[in-house]
Engineer: 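Can you keep this structure in mind? I'll have questions shortly.
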Amino acid sequence: MIAPELTQCILCPRKCRADRTKNKGFCGAGKQIRLARAALHFWEEPCISGTNGSGAVFFSGCNLKCCFCQNASISSQNFGAVITQNRLAEIFLELQEQGAHNINLVTAGHYLPQIIPVLEKTKPELRIPVIYNTSSYESVENLKKLDGLIDIYLPDFKFFSSETAKKYANAPDYPEIAEKAIREMLQQTGEPVFKEDLLKTGCIIRHLVMPGHRQESIRLLHYLAENLNRGQFLLSLMAQYTPMQNSVYPELNRRITKMEYQSVLRTAQELNFSGYSQDKSSSNYEYTPDFNLEGVLR
Ligand code: SF4
C-alpha cells in the first residue's frame, strides 16, 4: 500500500514535495524500500557491536548528501535493491537469528511511512533493541511517530556552524534541526541503560572531527555541555574521517591530524562527557562496508 504522505513528500526538512509514487525525491527514495546491505556489522561503538555484531540494515539514499560522504555509493548513487515490507520484516528476524545484538536502521528516515508498519508488526517478536542511526536531519514530527518503537538512537551532530552545513551539505538549517531532533530522541529514551556491556536503551550523540574544523567541534562540545543534560546521553567522538575522492574543497582532501583530534578529545574530557573516542589510527576504509546486497534478497 502506498502511504499518502509520499505523493507530495515533506517527510524531512528538505520538504522537496516530490511525488514519490512517480519519481524519486531529493533523497533518492521512491515509493518502495531500497536496501544496500543487511548484515552483522562490527564497527559501531563497543556497546552496540558487542561480540556478535550489530544487525545493520543500510537503506539506500540520503536526504543530507554531505559532499564528503564515506558511503556515497548508497547515499548519492542510490545503490540498492527494492524490497517489500514483508521482506524487511523477514530481514529483521533473520538478523536476530544470526545473533545480532540489535537491529540497526541506518539512514532510514526517508522510508519511515513504509518502515513503521513493519516495526509495529515485528517488535513483539524482537528480543533485541531497535536502533535508529541518523544524520539528525529529521523532523521532530516524524521522530514522534517512532516513540515506543526505537530503543536506542545514534544521532550524528555533524555541523555546528550554519555556514559549514551550507557549504558541505547545502543545509544551512542543519544545526537548528539537529538540535531539535536530538532533544526529541533524548525525551523518548531517557538515560542510557546497559545490560552487561551492551546498551539496551539510550542515545549516543556522534560527532566526526573534520579536517580544518576542530574549533567548530570544540564550540559544539561546549554548546552540548551547557544546553543538554550530560547524564542523558553518551558522546562518541569519531576520528575516522577519510577523504574518498578529490573534493572541490581542498581542505577536505586529507585526514585529520593527531593534534586536531587530541584537542577536541581533550575538550570532551575537560567537559566530563561520558562515552567513546576512537584511536586516531582508526581513519581508514574499514568502516565502510561492501555494499553488495548481502542479506537483502532471499
Ligand atoms: S524524505 Fe526525500 S522526498 Fe521526502 S522531503 Fe525529504 S528529501 Fe524530499
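Counting starts at 1 for both ligands and their atoms, following the listed order. Scope of the values below: all heavy atoms of this structure, side chains included, with no hydrogens, waters or symmetry mates. These numbers were taken from a predicted model, which means no experiment stands behind them.
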Engineer: Report the nearest protein non-hydrogen atom to atom 8 (Fe) of ligand 1: residue, atom name, distance rounded to 0.1 Å.
Structural biologist: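 The protein heavy atom lying closest is Cys16 SG, 2.3 Å.
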Engineer: Under 4.0 Å from any heavy atom of Gly25, which atoms of ligand 1 are there?
Structural biologist: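 Those qualifying, in numeric order: 3 (S).
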Engineer: Going by an N to O cut-off under 4.0 Å, is there a salt bridge joining Lys158 and Glu216?
Structural biologist: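 Here Lys158 does not pair with Glu216 in a salt bridge, since their nearest N and O are not under 4.0 Å apart.
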Engineer: Would you say the side-chain atoms of Glu163 and Ser161 include a donor-acceptor pair closer than 3.5 Å?
Structural biologist: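 Their side chains do contain a donor-acceptor pair, which is all the 3.5 Å distance test asks for.
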Engineer: Between Ser49 and Glu44, is there a side-chain donor-acceptor contact under 3.5 Å, judged purely by atom types and distance?
Structural biologist: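 No - no donor-acceptor pair under 3.5 Å links their side chains.
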Engineer: So, is Cys9 placed with an N/O/S atom under 2.8 Å from atom 4 (Fe) of ligand 1, counting both backbone and side chain?
Structural biologist: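 Yes, Cys9 qualifies, because one of its backbone or side-chain N, O or S atoms lies under 2.8 Å.
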Engineer: Between the side chains of Lys180 and Glu176, is the shortest nitrogen-to-carboxylate-oxygen separation below 4.0 Å, so that they form an ion pair?
Structural biologist: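 So Glu176 pairs with Lys180 through a salt bridge.
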Engineer: Considering non-hydrogen atoms of the protein only, which is the closest contact for atom 2 (Fe) of ligand 1, and what is the distance?
Structural biologist: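 Ranked first by proximity to atom 2 (Fe) of ligand 1 is Cys27 SG, 2.3 Å.
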Engineer: How close does the nearest protein non-hydrogen atom get to atom 6 (Fe) of ligand 1, and which residue and atom is it?
Structural biologist: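 Here the closest protein heavy atom is Cys12 SG, 2.3 Å.
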Engineer: Does a sphere of radius 6.0 Å around CG in Asn229 hold more than 12 heavy atoms from other residues, nucleotides or ligands, not counting ones at 6.0 Å or beyond?
Structural biologist: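 Buried by this count: over 12 neighbours within 6.0 Å.
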Engineer: Parallel under 30°, tilted from 30 to 60°, perpendicular over 60°: which one fits the rings of Phe273 and Phe233?
Structural biologist: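 Plane angle between 30° and 60°, so tilted.
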Engineer: Of the side chain and backbone of Arg20, name the one, both, or neither that has a heavy atom under 4.0 Å from an atom of ligand 1.
Structural biologist: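 Just the side chain.
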Engineer: In ligand 1, which numbered atoms sit nearer than 4.0 Å to a non-hydrogen atom of Lys15?
Structural biologist: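 Close to Lys15: 5 (S).
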